[in-house]
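Working notes, beginning with the structure itself.
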Amino acid sequence: MSGVWGWFGGGAAKKKDTPKNAILGLRTQLEMLQKREKHLMNQMDEQDAIARKNVNTNKNAAKAALRRKKAHEHSLDQTVAQIGTLEQQINAIESANINRETLAAMQRAGEAMQQIHGKLTVDKVDQTMDALREQNALSEEIVQAITSNHIGETLDEDELDDELEALQQEALDKQMLESGTVPVSSVSSDVHKLPNVANSDIKSHAQTEDDEEEELRKLQAEMAM
């Protein structure tokens, strides 16, 4: 029984090679017909030459050559038709074979994708993405904690303000020594720094400051001129 199935192409190897063998057989037959086509064309040319040669001298020979030419022409028409049929059949088998191979390749690709995915599911993907988001958020918190906390002793702002004020006073003193004048701003600031005393002392001191400011303004006006 196995021999019978093998004879009719039941074997897997023979089934696989069937399109290939069919195409090879058709191409062999096609080559033979193409050679016959060329031979018949040569025969027609030969009989045409005989007819032309005897057209005036031997009409019987010329007619016989024309009859042979017609016969060759008829055979040529049949051969050309057979060649066309074989070419169509070869193209059809090749297209069918390409379609089969394409489908088989797609099936293998599907199996490969299924193997790659394995037990991968949408829920597992969502879980993985959630875990990644959590880790990214944790990383941001760690970076924020590292960059926001100062390492070392915290500076006292009041101490900085005092130091800045001392520098400003030093600059004013230097200006007074160089110009021999007292800036209005320094006098005004000194007024705010006066200690608390009795009302009479404050008024007297305030009058003195007013006189000094008046004198300072006159001096500044003279220098401006």
Side-chain angles (χ1 to χ4, degrees), residues 1-140:
M1 182 65 67
S2 61
V4 174
W5 283 110
W7 177 264
F8 286 101
K14 288 188 176 181
K15 284 184 178 180
K16 184 177 180 180
D17 293 337
T18 297
K20 179 179 178 181
N21 294 333
I23 292 173
L24 290 176
L26 289 172
R27 290 194 178 280
T28 300
Q29 185 66 19
L30 180 62
E31 291 178 0
M32 186 272 292
L33 290 175
Q34 289 173 343
K35 291 179 180 179
R36 177 175 172 79
E37 178 186 19
K38 185 176 180 180
H39 174 71
L40 290 172
M41 291 177 66
N42 291 334
Q43 290 294 320
M44 289 173 59
D45 292 339
E46 182 178 347
Q47 296 304 318
D48 184 72
I50 293 173
R52 290 176 182 278
K53 180 180 179 180
N54 296 290
V55 66
N56 294 322
T57 59
N58 190 345
K59 291 183 179 182
N60 290 330
K63 286 183 180 182
L66 290 175
R67 281 194 294 270
R68 289 191 294 271
K69 179 183 176 182
K70 289 291 184 181
H72 293 323
E73 185 176 359
H74 180 69
S75 297
L76 179 62
D77 291 339
Q78 292 178 340
T79 302
V80 171
Q82 291 173 353
I83 289 173
T85 300
L86 288 179
E87 289 176 343
Q88 291 178 357
Q89 192 62 37
I90 290 172
N91 291 333
I93 294 176
E94 287 179 343
S95 297
N97 191 44
I98 291 174
N99 292 336
R100 187 191 69 172
E101 294 297 333
T102 302
L103 179 59
M106 293 176 65
Q107 289 175 344
R108 290 192 295 270
E111 293 173 357
M113 291 184 65
Q114 185 177 4
Q115 182 178 1
I116 292 172
H117 288 156
K119 297 180 180 180
L120 185 63
T121 61
V122 177
D123 292 336
K124 289 185 177 181
V125 174
D126 291 338
Q127 292 175 2
T128 301
M129 296 305 297
D130 290 339
L132 288 174
R133 282 190 287 268
E134 291 177 1
Q135 293 302 317
N136 289 333
L138 177 60
S139 178
E140 291 293 333

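Throughout, numbering of the chain's residues begins at 1 and tracks the sequence.
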Rounded to the nearest 0.5 Å, what's the gap from [atom1] on [X] to [atom2] on [Y]? Could you check?
{"X": "H72", "Y": "D45", "atom1": "NE2", "atom2": "CG", "value": "10.5 Å"}
{"X": "E37", "Y": "D77", "atom1": "CD", "atom2": "CG", "value": "10.0 Å"}
{"X": "M41", "Y": "K38", "atom1": "CE", "atom2": "NZ", "value": "10.0 Å"}
{"X": "I23", "Y": "L30", "atom1": "CD1", "atom2": "CG", "value": "12.5 Å"}
{"X": "K124", "Y": "D126", "atom1": "NZ", "atom2": "CG", "value": "12.5 Å"}
{"X": "E73", "Y": "M44", "atom1": "CD", "atom2": "CE", "value": "4.5 Å"}

Practice prompt. Using a 4.5 Å cut-off on heavy atoms from C-beta on, say whether the side chain of Q43 contacts that of E46.
Written response: yes

Worksheet item: Judged by modelled atom types alone, do R133 and N136 share a side-chain donor-acceptor pair under 3.5 Å?
Response: no

Item to complete: Output yes when a side-chain donor or acceptor of S139 lies under 3.5 Å from a complementary backbone atom of Q135, and no otherwise.
Response: no

Worksheet item: With L103, which residues qualify under side chain to side chain contact (heavy atoms under 4.5 Å, CB included), at least two apart?
Response: Q107

Which atom pairs, one a donor and one an acceptor, fall under 3.5 Å between side chains of residues 53-69 and the rest of the protein, sequence neighbours left out?
residue: N54; atom: ND2; partner: I50; partner atom: O; Å: 2.9
residue: N58; atom: OD1; partner: N60; partner atom: N; Å: 3.4
residue: N58; atom: OD1; partner: A61; partner atom: N; Å: 3.2
residue: R68; atom: NE; partner: Q47; partner atom: OE1; Å: 2.7
residue: R68; atom: NH2; partner: Q47; partner atom: OE1; Å: 3.1
residue: K69; atom: NZ; partner: D48; partner atom: OD1; Å: 2.9

Side chains of residues 79-93: which donor-acceptor partners sit under 3.5 Å, not counting sequence neighbours?
residue: T79; atom: OG1; partner: R36; partner atom: NE; Å: 3.3
residue: T79; atom: OG1; partner: S75; partner atom: O; Å: 2.8
residue: T85; atom: OG1; partner: A81; partner atom: O; Å: 3.0
residue: N91; atom: ND2; partner: E87; partner atom: O; Å: 3.2

